J.: 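Let me give you the structure first, and then I'll get to my questions.
Every value quoted in this text rests on a predicted model; they were computed, and no experiment measured them.
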There are 2 protein chains.
Amino acid sequence: MGGARRVANDPLRKQRILDATLTVIAEHGVHGTTHRRIAGEAGVPLGSLTYHFDGLGDIIEQAFARMARSMSERYHAALTAAPDQPAACAAVTDLICGEEYATPRTLALLHEMYAYANHNSTVAETLRQWLRRSRASLARHFSERACRAIDALIEGWPMHQAWEREPLDRDLVRETVTAVAQRLG
Amino acid sequence: MGGARRVANDPLRKQRILDATLTVIAEHGVHGTTHRRIAGEAGVPLGSLTYHFDGLGDIIEQAFARMARSMSERYHAALTAAPDQPAACAAVTDLICGEEYATPRTLALLHEMYAYANHNSTVAETLRQWLRRSRASLARHFSERACRAIDALIEGWPMHQAWEREPLDRDLVRETVTAVAQRLG
DNA sequence: TCTGAGTGCGTACGAACGTACACACTTCTC
DNA sequence: GAGAAGTGTGTACGTTCGTACGCACTCAGA
């Protein structure tokens with residue numbers, strides 16, 4: 001019977017492995033991500049990875065899914081807190097310029113995810129979900145057309161800026177976002 | 001003496017290998033790019049790669065450099081052809097919506113390059129050069145502040161759109177670009 | 001206390017990889 | 001025609017990878 005069910009010794013191990021995976025990807029890229037590096041980063045034995053996951057692809061897919069979920073939540077929280085459109089513009093400006101979203105680690109992971117999604121349909125679906133949710137968060141404050149333009153700005157600006165020497169001009173970002181929001185309704 | 005200089009049988013071989021490398025990267029990602037796949041795609045023997053290049057990293061670096069140069073030239077040509085700012089806005093709209101720049105293959109390669117540049121300083125420098133050149137092309141028609149915003153749009157919009165089902169709304173893009181250009185000088 | 005089912009891990013193996021290198025081939029000089 | 005020098009390639013080697021799997025361990029039920 002199923003009664004003799006043992007419980008896992010370390011229930012958080014799966015999540016620790018996924019977090020370690022994201023660290024390895026951010027540091028070495030997907031092309032440098034291996035079972036052994038992940039195990040070393042997470043401090044777990046090599047066999048633990050094949051026990052909890054169905055291969056390296058499965059680990060990477062779940063790691064990206066985990067990242068997408070946590071980013072989606074932060075995104076949603078930042079935008080739903082805004083009472084009106086000017087506040088929403090400020091929130092978007094924070095997302096673009098801020099220290100939370102546009103960290104080097106996050107941007108590196110985002111690039112890796114976009115690149116990997118081109119070759120893995122599961123990650124591609126995860127990515128589409130996250131784009132859909134972020135647009136839904138924007139739609140509370142902006143017209144559908146404005147959403148598309150602002151989404152492009154949120155996407156492109158930090159990515160470009162990551163390769164510049166100087167920090168982003170916050171006033172310029174806010175002015176651009178506001179202009180787009182007003183012009184497109 | 002150096003007089004007995006033999007000439008290469010196939011002087012275009014290096015370029016064919018680099019083009020094949022880009023094809024392999026677009027199809028399998030950097031993480032799935034190997035000497036053997038490149039050789040197969042280019043139709044050259046395996047030993048030919050180690051003869052012409054100093055390892056796989058060298059091949060990838062030169063392939064990305066080749067891509068950046070050709071894209072930079074197209075970018076420059078599209079923008080210098082525009083006589084005034086409205087024409088430049090149209091050119092930018094074409095870059096974002098067009099069939100030339102925003103192809104699935106090009107976008108996939110761009111993502112791979114951005115991701116790889118985080119872990120390879122040579123490719124990072126190549127990327128910075130290409131960003132500098134594209135901004136210089138924009139600067140012929142727009143203020144420096146407008147350049148930054150438009151650059152972000154060119155970057156972010158096709159990348160987002162690649163994951164949508166429906167094609168881009170050309171009028172929306174043109175209106176956004178024009179609005180940003182006017183508002184920021 | 002004994003048993004058995006489920007948990008978790010150390011190790012080993014086949015495959016694929018990057019790279020080196022011995023060797024054929026071609027063309028120029030004498 | 002003989003030798004030299006540079007071009008290009010087939011193959012083989014050492015390494016590292018992903019993954020499988022036998023085995024130790026733990027505890028619920030009898």
J.: For a quick check under 3.5 Å, do A:E155 and B:H160 share a side-chain donor-acceptor pair by atom type?
T.: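 The criterion, which ignores hydrogens and geometry beyond distance, is satisfied for B:H160 and A:E155.
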
J.: Going by the side chain to side chain donor-acceptor pair (under 3.5 Å) test, name the single residue among A:H111, A:H119, A:H31 that passes it with B:E112.
T.: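 So the option named by the test is A:H119.
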
J.: Taking atom P of D:dT19 as reference, at what distance in whole Å does atom CD1 of A:I60 sit?
T.: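 Checked: the CD1 to P distance equals 10 Å.
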
J.: Between atom CG in A:L49 and atom C1' in D:dA20, what is the gap in whole Å?
T.: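 Rounded to the whole Å, the gap is 14 Å.
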
J.: For nucleotides 9-11 of chain C, tabulate all protein N/O to nucleotide N/O atom pairs closer than 3.5 Å, reporting atom names and distance.
T.:
unit_1	atom_1	unit_2	atom_2	d
C:dC9	OP1	A:R13	NH1	2.8
C:dC9	OP2	A:R13	NH1	2.6
C:dC9	OP2	A:S48	OG	3.4

J.: Under the criterion salt bridge (charged side-chain N to carboxylate O under 4.0 Å, His left out), which of B:R145, B:R135, B:R132 is the partner of B:D151?
T.: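 Looking at B:R145, B:R135, B:R132, the match for B:D151 under the salt bridge (charged side-chain N to carboxylate O under 4.0 Å, His left out) is B:R135.
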
J.: Looking only at the side chains, is there a donor atom on one of B:S137 and B:S134 sitting less than 3.5 Å from an acceptor on the other?
T.: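 Looking only at side-chain atoms, B:S134 and B:S137 do not form any donor-acceptor pair under 3.5 Å.
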
J.: When you check the gap from the basic side-chain N to the acidic O, do A:R148 and A:E144 get nearer than 4.0 Å?
T.: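 Yes, this pair counts.
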
J.: Starting at CG of A:D58 and ending at P of D:dG18, how long is that distance when rounded to a whole Å?
T.: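 In whole Å, D:dG18 P and A:D58 CG are 14 Å from each other.
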
J.: So, A:S143 side chain and A:L184 main chain: donor-acceptor pair closer than 3.5 Å or not?
T.: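 Looks like yes, one N/O pair under 3.5 Å.
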
J.: How about A:T23 and A:R105: does a side-chain donor come under 3.5 Å of a side-chain acceptor?
T.: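 Side-chain D/A pair, A:T23 to A:R105: present.
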
J.: Report the relative orientation of the aromatic rings in B:Y75 and B:W130; use parallel for angles under 30°, tilted for 30 to 60°, perpendicular for over 60°.
T.: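 Correct class here is perpendicular.
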
J.: Can you list, in residue-number order, the parts of residues 23-33 of chain A that come under 4.0 Å of DNA chain D, counting heavy atoms only?
T.: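 Output list: A:T33.
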
J.: Taking atom types as modelled, find out whether A:D19 and A:Q15 have a side-chain donor-acceptor pair closer than 3.5 angstrom.
T.: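 No, A:Q15 and A:D19 have no side-chain donor paired with an acceptor closer than 3.5 Å.
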
J.: Can you sort out which residues in residues 35-42 of chain A have a heavy atom within less than 4.0 Å of DNA chain D? Ascending by number, please.
T.: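 Heavy-atom cutoff 4.0 Å gives A:H35, A:R36.
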
J.: Starting from P on D:dG18, measure out to CD1 on A:I17 and report it in whole angstrom.
T.: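 One finds 14 Å between P of D:dG18 and CD1 of A:I17, rounded.
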
J.: So if you build clusters from Ile, Leu, Val, Met, Phe, Trp, Tyr with side-chain heavy-atom gaps below 4.5 Å, do A:W157 and A:L131 land together?
T.: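 Cluster IDs for A:W157 and A:L131 match.
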
J.: What integer distance in Å separates A:L56:CG from D:dT16:C1'?
T.: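 Spelled out: CG on A:L56 to C1' on D:dT16 is 14 Å.
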
J.: Look only at the side chain of A:T21 and the backbone of A:I17, and say whether a donor-acceptor pair between them is shorter than 3.5 Å.
T.: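 Yes, because the side chain of A:T21 sits within donor-acceptor range (under 3.5 Å) of the backbone of A:I17.
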
